[in-house]
Amino acid sequence: VPVTEQPAILPELEEMKEAWTAEDGLVPAAALKEIFQISKQAAHKLPARYALTEYEFFDKKWYSMREVKALRNVKRTNGSEGRKIASMVRDCLDDARDN
């Protein structure tokens, strides 16, 4: 980063560092497709479906590493069973954020 641009990005870098520490890391939105081995369209819907904590830094979306890891460990199914599980996971994540 050129020295002339450094002061402009420092506040955003500091905020990103705080979020990184609080969430045990951040996952870029572009990585969700590979992490979950799903289509790009499904990866785009994933954060809203499971109410993942979202951050925006440098015009890119990032998600909580802790939540992505927890979601990765849950067996998700399709159809009505999948919707029930999605709702249950959303509730669990909401409860975890409140504590």
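Keep in mind the model is a prediction, meaning the values are calculated, not measured.
- Applying the salt bridge (Lys or Arg N to Asp or Glu O under 4.0 Å) rule to pairs touching residues 57-70 yields Glu23-Arg66, Asp24-Arg66, Glu67-Arg97, sequence neighbours excluded.
- For Glu15, the side-chain contact (heavy atoms from CB on, under 4.5 Å) test picks out Phe57, with sequence neighbours left out.
- Closest non-hydrogen pair, Leu32 versus Pro47, comes out as CD1-CG, 3.8 Å.
- Taken from CG in Leu26 to OH in Tyr63, the straight-line distance is 11.5 Å, to the nearest 0.5 Å.
- Each salt bridge (Lys or Arg N to Asp or Glu O under 4.0 Å) pair with one or both residues in residues 28-44, not counting sequence neighbours, would appear here, but there are none.
- Distance CG/Leu46 to CD1/Ile38: 5.0 Å, rounded to 0.5 Å.
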